[in-house]
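Notes follow once the structure below has been shown.
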Amino acid sequence: MKCIKDKELMDYFNDELNKTRKKEIAAHLDGCKKCREKFREWQAIFSLTKDYVEKDKEDMQIPDFNMSKLKTISDETAEDSSFSLMRYWIKPAIAVAAVVILSLTFLFFPAKKDNLPSNDNFLVLQDDFMETTVTQVDSINIAYLEEALLQEIYSDDELRKQVLSGEFRDYYDIIMDDMRYNELEDSDLELLEKELNKLKTS
Amino acid sequence: MKSPEINSLFEKNYKKIFRLALKMLKNYEDAEDATQNIMQLAYENLDSFRWEAKFSTWLYRIALNHIYSYSNKRKKQQKNVSKLNYSFPDSGNPEKRIYTEELFKKLDEIIEDLPPKQKEIFLLRYYSNLTFKKIAKILQKKVGTVKSSYFFAMKKIKESFKKKDLLDFEEQL
């Protein structure tokens, strides 16, 4: 048997291997000094990490949580729903819009899914809560998105500075990373197909 | 929709989310504030939650987004971050205690210096007790990608200890 790779030893300590493989590894360790040494090192690290985390968790004083507190605040903020909307929904929507403007030319349908039409008139968007929506790109939408992007830039001092100093690319990369187009789950793809069919028939 | 079952889902996840927030924000007050906001945000948006997905996956996505934006906001305010201290009971061998303290402090520093994505996966794995599969679902990444990041994080920890000749601590204890 070949020497054991670090990755497999890590699987061993994370209990990700089946019984047969574990036995094979144990047998190999008996006869290989080099692997035994490596095993001992990993064992020490995993055991230290476990002890450290346990101690750390023990020391954490976690405040009590009760739902009733949540409900009261919820009722209070219900009257000021425009505030929470602005804070939690508009922002992600604008961030999405920013990407749309910047990426109108390369569309987001994963290439591997041949059954999805690669139609330039549709965009797949995902917000901060990983909700996926399909939007048809028409002149009204583009106008709205442009306005949203400008508002976003205008309302954020730091962002405006970044745009002026040419650092907008970083911001764009962060958003792109967040959106993770290429890793849509099957359930999202099903939803997309459904939405696309709806759009096509309407 | 806001039934006793929902309450128990919130309560079940509260501690894990708080630990994650505390490790990422390194400040009790901020962690408490952020966790409360996360719960509030999830509570107010329950209607938008698609029940075919797992509740905790959805909640963790909200949590991570919120913790990151909280931490960015804090960086802008340049608020001081307090260092978490470890209290060790005085009983037992004092030399061993001091040595373990040293090791823990060292490990704390290494974890703190991990690249953000590796740190995120490390904390989800150890402080929220999540499986690789679950972490992959939350981060919308492949299980292999998550495991690789975790592997690199652990390797970094191992190399740092090796560099400082600290790997023989088992024998020294």
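The figures that follow rest on heavy atoms only: side chains count, while hydrogens, waters and symmetry mates do not. Letters go in sequence order (proteins before strands), and every chain restarts at 1. Keep in mind that this is a model prediction, so the values were computed, not measured.
Going from atom CG of Leu48(A) over to atom NZ of Lys158(B) covers 13.5 Å, rounded to the nearest 0.5 Å. Atom CD1 in Ile62(A) sits 11.0 Å away from atom CD in Glu32(B) (nearest 0.5 Å). The CZ atom of Phe151(B) sits 5.0 Å away from the CG atom of Asp6(A) when rounded to the nearest 0.5 Å. To the nearest 0.5 Å, the span separating OH on Tyr28(B) from CD on Gln61(A) amounts to 5.0 Å.
Contact of Phe18(B) with chain A is made through the side chain alone, with heavy-atom distances under 4.5 Å. Proximity to chain B is limited to the side chain of Glu16(A), based on heavy atoms less than 4.5 angstrom apart.
Residues Gln36(B) and Pro63(A) form no side-chain contact, since every pair of their non-hydrogen atoms from C-beta on lies 4.5 Å or further apart. With contacts defined as side-chain heavy-atom distances shorter than 4.5 Å, the pair Tyr127(B)/Met60(A) qualifies. Two residues are said to be in side-chain contact when any heavy atoms from C-beta on lie closer than 4.5 Å; Thr35(B) and Phe65(A) fail this criterion.
Residue with the most contacts toward chain A among Lys15(B), Lys155(B), Met154(B): Met154(B) (heavy-atom pairs, distance under 4.5 Å).
In terms of heavy atoms, Thr49(A) sits closest to Leu107(B) at CA-CD2, 3.8 Å. Considering all non-hydrogen atoms of both residues, Asp108(B) and Tyr52(A) come closest at OD1-OH, 2.5 Å. When all heavy atoms are compared, the tightest approach of Lys57(A) to Tyr126(B) is NZ-O, 3.0 Å. Residues Met10(A) and Lys147(B) approach most closely at CE-O, 3.9 Å, considering heavy atoms. The minimum heavy-atom distance between Tyr14(B) and Asp64(A), with the atom names listed, is OH-O, 4.3 Å.
Asp56(A) and Arg19(B) are not joined by a salt bridge, as no carboxylate oxygen comes within less than 4.0 angstrom of a charged side-chain nitrogen.
Within 6.0 Å of atom NZ in Lys22(A), more than 12 heavy atoms from other residues, nucleotides or ligands are found, so the atom counts as buried in its surroundings.
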